[in-house]
Amino acid sequence: MTTTSVTATAQATPVTPAPRPVKTEARQQKALPAPNSDFYEVYETLSAEELATVKRVRAFMEAKVAPVITKYWVDDAFPFELLPAVKELGIGGIGMKGYGCAGGSVALLGFVQMEIARTDPSFSTFMGVHVGLAMGSIYIDGSEEQKQKWLPPMARFEKIGCFGLTEPLVGSGASGGLLTTAKREGDTWILNGEKRWIGNAPWCDVSIIWARDVADNQVKGFIVENKTTPGFSVEKIENKIALKVVQNGHITLKDCRVPEANRLQGGNSFRDTAKVLKMTRYAVAWMATGCAMGAYEAALKYAQERMQFGKPIGSFQLVQDLLAKMIANITASQCLITRQAQLHAEGKLTDAHAALAKAFCTAKCRETVAWARELLGGNGIVADYKAARFFTDCEALYSYEGTYQMQNLIVGKAVTGFGAFA
Ligand SMILES: Cc1cc2nc3c(=O)[nH]c(=O)nc-3n(C[C@H](O)[C@H](O)[C@H](O)COP(=O)(O)OP(=O)(O)OC[C@H]3O[C@@H](n4cnc5c(N)ncnc54)[C@H](O)[C@@H]3O)c2cc1C
């Protein structure tokens with residue numbers, strides 16, 4: 001039997017928690033350190049104002065999301081009931097300036113995504129798709145007029161977005177040639193093709209669709225109002241084993257007519273798509289670190305409470321070895337992404353920097369969540385104990401936004417000077 005529970009505490013865990021008394025040996029009270037995945041105090045690098053935002057997000061995630069998310073995860077369902085409270089959090093368009101966006105530094109964007117993933121990687125993926133990929137495409141590649149029109153309602157979560165790049169037959173090779181086509185007829189574009197894996201697509205309002213212009217063979221981006229555009233249909237992808245809260249769609253575009261006014265005016269080739277992906281890979285590195293933090297904290301709490309051989313399993317050397325390796329992975333990732341944020345703020349973040357962070361943090365997360373699952377023994381494969389959810393969710397983080405291999409090919413090209421893409 002175990003004493004752990006998925007129920008969230010009513011009050012948010014402080015960013016630097018105080019020791020809590022836990023009964024260990026018979027009749028002996030000992031104050032044990034509360035699980036804390038900020039070993040090198042990276043949260044201290046934020047300003048007081050930004051730290052307050054992160055604390056607000058933590059309080060929301062622990063009070064509102066944690067108590068209900070496992071049920072949604074098991075049911076393959078999205079928690080629409082939480083959206084009104086998400087709107088109140090004031091994090092729509094975080095890291096983006098103007099247009100009704102929440103603003104703040106790129107570090108704040110990272111910390112918020114890490115904090116959300118610490119409780120639920122699906123929820124951070126929903127935010128990553130809506131804010132990072134969909135709003136980000138308009139923010140980075142849209143005209144002034146397009147930003148004015150689309151970003152304010154999206155920042156208020158009145159219109160939710162998705163990002164359609166991957167296709168059934170084109171995944172890692174997206175830069176080498178999309179099969180979805182765009183053909184211009186006067187002031188209208190005709191889109192045909194299929195998109196697969198598109199997060200939020202089964203229920204969202206606005207789809208950023210990337211398609212190959214048949215005239216010049218270049219990739220272009222289109223803002224498609226999917227609920228009202230004839231020829232646009234979405235089928236939900238069923239039976240996923242990871243990020244089950246996120247609703248992924250298989251989109252079919254059949255002679256979809258999109259006005260020239262909805263073509264992203266700054267998205268004229270895959271290089272412009274890659275600018276968006278650089279930002280979202282930056283964010284996925286933070287999300288993966290948050291995922292590892294959530295798994296570690298759950299595992300540590302379990303280790304302090306689970307008794308075997310008459311002692312808490314956390315008192316065994318081999319269990320401590322697992323925990324030490326987990327916190328080392330997390331700390332290394334946190335230090336890397338904090339520096340990544342500095343590079344970004346200095347305007348020096350390259351595609352290779354973001355690729356390295358995405359590859360390293362997702363790989364370390366994968367190792368960490370596996371150790372957390374292992375530490376929980378049999379309970380590690382039951383969704384009620386959190387570790388299992390982090391364990392499977394990490395698999396998707398590792399593969400989406402470009403697989404581990406694709407990130408390493410980007411890094412490999414930067415350090416050797418040789419492109420080794422197929
Ligand atoms: C949960 C989830 C959410 C997603 N959300 C979105 C979304 O919102 N929008 C979107 O557009 N896409 C989305 N994706 C798609 C995701 O980005 C792709 O799955 C990913 O890019 C990999 O493409 P693929 O699945 O087609 O794998 P493939 O490209 O078929 O790759 C299969 C394997 O081959 C390897 N490989 C391929 N090429 C090479 C090479 N040249 N050298 C070495 N190894 C190689 C890969 O690394 C991988 O291990 C999502 C995916 C998932 C799982």
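Remember, it's a predicted structure, so these values are computed and weren't measured experimentally. If you read the sequence from its start, that first residue is 1, and numbering goes on from there. All ligand and atom numbering here is 1-based and tracks the order in the structure.
- One finds the OG atom of S137 at 11.0 Å from the CD atom of Q146 (value rounded to the nearest 0.5 Å).
- Of all the atoms in ligand 1, the ones that sit under 4.0 Å from a non-hydrogen atom of N248 are 2 (C), 3 (C), 4 (C), 5 (N).
- The shortest N or O to N or O distance between T166 and ligand 1 is below 3.5 Å.
- Looking from atom 46 (C) of ligand 1 to the surrounding protein, the closest heavy atom is T403 OG1, 3.6 Å.
- A centroid separation of 6.0 Å or more is found between the aromatic rings of W371 and Y296.
- When the heavy atoms of G176, G249, G199, G171 are ranked by distance to atom 24 (P) of ligand 1, first place goes to G171.
- Proximity of E144 to Q148: side-chain heavy atoms (C-beta onward) are separated by under 4.5 Å at one or more points.
- Counting the atoms of ligand 1 from 1 in the order shown, those under 4.0 Å from a heavy atom of E401 are 17 (O).
- The closest heavy-atom contact to atom 19 (O) of ligand 1, among the options Y398, F163, W197, comes from W197.
- Checked against a 3.5 angstrom limit, the closest N/O atoms of Y400 and ligand 1 fall outside it.
- Of the candidates E235, E167, R196, R196 is the only one forming a side-chain hydrogen bond (donor to acceptor under 3.5 Å, both in side chains) with H250.
- The nearest protein heavy atom to atom 35 (C) of ligand 1 is not closer than 4.0 Å.
- In this structure, L409 counts as a contact residue of ligand 1, since one of its heavy atoms falls inside 4.0 Å of the ligand.
- Between atom 20 (C) of ligand 1 and the options A242, S399, A422, the minimum heavy-atom separation is to S399.
- Side chains of D393 and W73: a donor on one and an acceptor on the other come within 3.5 Å.
- Scanning the protein heavy atoms around atom 49 (O) of ligand 1, the nearest turns out to be Q405 OE1, 3.6 Å.
- Here is the list of ligand 1 atoms found below 4.0 Å of a heavy atom in I198: 7 (C), 8 (O), 9 (N), 10 (C), 11 (O).
- Between Y404 and Y398, the distance from one ring center to the other falls under 6.0 angstrom.
- For atom 30 (O) of ligand 1, the nearest protein heavy atom is 4.0 Å or more away.
- Put simply, the side chain of K244 does not reach to within 4.5 Å of the side chain of V74, judged on heavy atoms.
- A tilted orientation is assigned to the rings of F123 and F60, their planes being inclined by 30° to 60°.
- Checked by distance only, ligand 1 and S172 come closer than 3.5 Å through their nitrogen or oxygen atoms.
- Ring pair H344/Y282 is perpendicular by interplanar angle, where above 60° counts as perpendicular and below 30° as parallel.
- An N or O contact shorter than 3.5 Å is missing between V170 and ligand 1 by distance.
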